[in-house]
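Everything on this sheet refers to the single structure shown next.
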There are 2 protein chains.
Amino acid sequence: MDAKTVDAGLLQSRYRLTKQRAAVLRALGDGAHLSAETILVRVRTEMPAVSLGTIYRTLDILREIGLVQIFSYTGSAARYEAALEKHHHLLCSVCNSLVNVRVDGLAELAQDIARRERYSNIDFSLTIVGRCNDCTKRMN
Amino acid sequence: MDAKTVDAGLLQSRYRLTKQRAAVLRALGDGAHLSAETILVRVRTEMPAVSLGTIYRTLDILREIGLVQIFSYTGSAARYEAALEKHHHLLCSVCNSLVNVRVDGLAELAQDIARRERYSNIDFSLTIVGRCNDCTKRMN
DNA sequence: CTCTCTGCAAAGCATTTGCACATTG
DNA sequence: CAATGTGCAAATGCTTTGCAGAGAG
């Protein structure tokens with residue numbers, strides 16, 4: 001997702017494209033999974049006065065527009081990422097790192113279930129929690 | 001999961017089987033997805049002095065032992081349920097109701113990915129979010 | 001100029017924790 | 001009776017919100 005796409009997304013919406021919003025999008029530009037706090041830190045390097053409130057408000061707008069995706073898991077801060085192609089997550093139960101994966105065939109599986117149970121307008125997400133390779137090595 | 005299974009689970013663990021813990025398990029006995037608050041209310045009908053702290057501590061222990069499963073989703077209280085057979089969730093985006101479903105073939109899919117990405121000791125969960133049948137009808 | 005956005009600080013909510021006493025095995 | 005569990009209330013951490021001023025179109 002390049003800067004133009006991003007700005008276009010905001011401009012087409014009913015929201016204004018402000019410096020703060022652009023900066024939040026830039027902070028997420030490298031595809032990282034960041035907490036609101038971390039985004040605040042990143043944004044403050046170029047704009048020291050932004051507040052955490054603005055970060056949250058911005059993230060919420062960006063999610064609504066579909067530019068940002070939220071990952072939250074029991075008992076810790078949510079992590080935000082730029083919404084690129086549909087993907088799922090591997091969460092390490094030791095170091096809490098998060099990795100994206102495509103899961104072929106999952107869309108069909110989810111659609112079948114939704115149809116059978118009569119759910120419409122669905123979205124779906126798979127989270128796999130386990131010990132990542134680095135942490136497994138480190139534990140020997 | 002009957003009362004004996006439950007009590008056995010606790011007894012075999014390093015934890016004591018107290019009235020409070022038994023009551024929490026009983027509160028979840030009907031297979032519902034309950035918030036800690038709701039569990040508190042249920043437990044208090046037979047034991048008015050229990051505290052919310054105890055509910056949370058108990059749920060955490062039960063989760064550790066594997067008797068309870070947590071479902072949490074961005075921006076609201078977690079819901080707890082008795083851990084029966086492995087299943088996944090359909091969450092209604094309108095009324096927030098939660099429904100259990102078995103998803104055949106998902107275990108294999110998840111295992112393949114975990115193997116490829118070198119994650120061990122995995123667990124996985126699929127959440128499908130959409131509009132349930134009742135809410136779809138209600139919106140016409 | 002009007003409407004939207006922002007910073008700030010306070011509030012909100014779910015969850016966790018320290019401590020002194022009660023209960024369990 | 002020694003170890004663990006509990007109630008209470010305060011603390012915590014993340015997120016949201018009211019308000020008054022700043023900025024955009």
Side-chain angles (χ1 to χ4, degrees), chain A residues 7 9-25 27 33-65 67-81 96 98, chain B residues 6-27 33-41 43-65 67-81 96 98:
Chain A
D7 293 359
L10 263 172
L11 288 171
Q12 284 158 26
S13 72
R14 63 185 194 79
Y15 299 106
R16 291 183 181 161
L17 175 55
T18 63
K19 332 185 210 27
Q20 289 87 342
R21 291 175 186 169
V24 168
L25 281 163
H33 299 97
L34 306 177
S35 68
E37 275 290 353
T38 308
I39 295 171
L40 179 70
V41 171
R42 288 200 179 190
V43 171
R44 279 194 168 160
T45 61
E46 41 177 301
M47 202 181 294
V50 239
S51 70
L52 194 49
T54 294
I55 301 293
Y56 277 111
R57 278 185 286 227
T58 299
L59 288 168
D60 194 48
I61 286 173
L62 297 176
R63 181 194 46 75
E64 189 191 324
I65 303 176
L67 293 178
V68 160
Q69 210 178 311
I70 305 185
F71 176 88
S72 66
Y73 200 77
T74 308
S76 61
R79 277 174 273 185
Y80 301 81
E81 59 180 315
N96 270 305
L98 207 51
Chain B
V6 156
D7 293 359
L10 264 172
L11 288 171
Q12 284 158 25
S13 72
R14 61 183 195 79
Y15 299 106
R16 291 179 180 166
L17 176 54
T18 63
K19 328 186 211 30
Q20 288 86 342
R21 290 174 187 171
V24 168
L25 281 163
R26 234 174 292 124
H33 300 96
L34 306 176
S35 68
E37 275 290 350
T38 308
I39 295 171
L40 178 71
V41 171
V43 171
R44 278 194 168 160
T45 61
E46 41 178 300
M47 199 181 297
V50 242
S51 70
L52 194 50
T54 295
I55 302 293
Y56 277 111
R57 278 185 284 227
T58 300
L59 287 168
D60 193 49
I61 286 173
L62 297 176
R63 181 193 45 76
E64 188 190 324
I65 303 176
L67 292 178
V68 159
Q69 209 180 310
I70 305 185
F71 175 87
S72 66
Y73 199 78
T74 308
S76 62
R79 279 175 273 186
Y80 302 81
E81 60 180 314
N96 269 304
L98 207 51

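Excluded from the calculations below are hydrogen atoms, water molecules and symmetry mates; all remaining heavy atoms, backbone and side chain alike, are included. Per chain, numbering begins at 1; letters A, B, ... match sequence-line order.
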| said: Go through it in stages, so that I can follow the logic: the residues are B:Tyr56 and B:Tyr80, the test is side chain to side chain contact (heavy atoms under 4.5 Å, CB included), and I'd like the CA-CA distance, side-chain angles, deciding distance and then a yes or no. | reply: CA-CA 10 Å; B:Tyr56 277 111; B:Tyr80 302 81; 3.7 Å; yes
Look at the side chain of [X] and the backbone N and O of [Y], then say whether any donor-acceptor pair between them is shorter than 3.5 Å.
X	Y	value
A:Arg44	A:Val50	yes
A:Thr58	A:Thr54	yes
A:Arg63	A:Ile70	no

| Any idea which heavy atoms bring A:Thr74 and B:Ser72 closest together, and the distance? | OG1-OG, 2.9 Å
| note | Closest to the side chain of B:Ala77, out of C:dA14, D:dT6, C:dC5, is C:dA14
| Closest to the A:Arg16 side chain, choosing from D:dT6, C:dC5, C:dT15 |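 Nearest to the side chain of A:Arg16 among the choices is C:dC5.
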Would you kindly give the [atom1]-to-[atom2] distance between [X] and [N], to the nearest whole Å?
X	N	atom1	atom2	value
B:Glu64	D:dT4	CD	C1'	14 Å
B:Leu62	D:dG5	CG	P	12 Å
B:Arg14	D:dG5	CZ	P	7 Å
A:Met47	C:dT6	CE	C1'	11 Å
A:Leu40	D:dC14	CG	P	13 Å
A:Ile61	D:dT16	CD1	P	12 Å
A:Ile70	D:dC14	CD1	C1'	13 Å
A:Phe71	D:dT15	CZ	P	13 Å

| message | Closest-nucleotide mapping onto DNA chain D: is B:Arg44 or A:Ala36 further toward the 5' terminus? I mean the 5' end. | response |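 Upstream on the strand: B:Arg44.
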If you compare every side-chain N and O of [X] against the phosphate oxygens of [N] (OP1, OP2), does one of them come in below 4.0 Å?
X	N	result
A:Gln20	C:dG7	yes
B:Arg21	D:dT6	yes
A:Thr18	C:dT6	yes
B:Lys19	C:dT24	yes

| task | Please give the angle, rounded to 10 degrees, between the axes at the start and the end of the helix from C:dC1-D:dG25 to C:dG25-D:dC1, where five pairs define each axis. | result | 30°
| Pair A:Glu46 + A:Lys19: basic N to acidic O under 4.0 Å |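 No, this pair does not count.
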| Residues within residues 49-60 of chain A bordering DNA chain C, heavy-atom distance below 4.0 Å | A:Ala49, A:Val50, A:Ser51, A:Thr54, A:Arg57
| field | side chain to side chain contact (heavy atoms under 4.5 Å, CB included) between B:Glu37 and B:Leu52, worked out | value | CA-CA 7 Å; B:Glu37 275 290 350; B:Leu52 194 50; 3.7 Å; yes
